[in-house]
Amino acid sequence: MINFTVAIAGNGLLYYGTGNGSVYSWNGAANTLIQATGIAGGIRSLLWHANVLYVGNGTNGNIATWDGVTWTAASCTVLASGGATVTGV
């Protein structure tokens, strides 16, 4: 059993992140590991926009994107401490 922290639907799949920093997809029949980041704090946010999955972690606020083929570090970081701050946009 996989314990997930966040999930979102996109491109006919269910994408979800886990507390150990992994990102999976579910096609209705099977789980597929997309990325095992191993980042402490795990995956805490997902956004599906324009056929791209945006993934935020819970440790340092870094955001990465997945286009179905390639992971790319986004050019922004989200930091929250009594409010949210977005940098690099």
Apply side chain to side chain contact (heavy atoms under 4.5 Å, CB included) to residues N57 and R44 and explain how you reach the verdict. CA-CA 5 Å; N57 73 55; R44 297 293 179 224; over 6 Å; no
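- For the pair L14 and A9, the tightest heavy-atom approach, listed with the atom from each and the gap, is CD1-N, 4.2 Å.
- When hydrophobic side chains of Ile, Leu, Val, Met, Phe, Trp and Tyr are connected at separations under 4.5 Å, V23 ends up clustered with V6, I8, L13, Y15, I34, I43, L46, W48, L53, V55, W66, W71.
- Every side-chain hydrogen bond (donor to acceptor under 3.5 Å, both in side chains) that T18 has, sequence neighbours left out, goes to N20.
- Sorted by first and then second residue, the pairs that involve residues 23-34 and meet side chain to side chain donor-acceptor pair (under 3.5 Å), not counting sequence neighbours, are Y16-N31.
- Rounding to the nearest 0.5 Å places CG of N51 at 12.5 Å from OG1 of T65.
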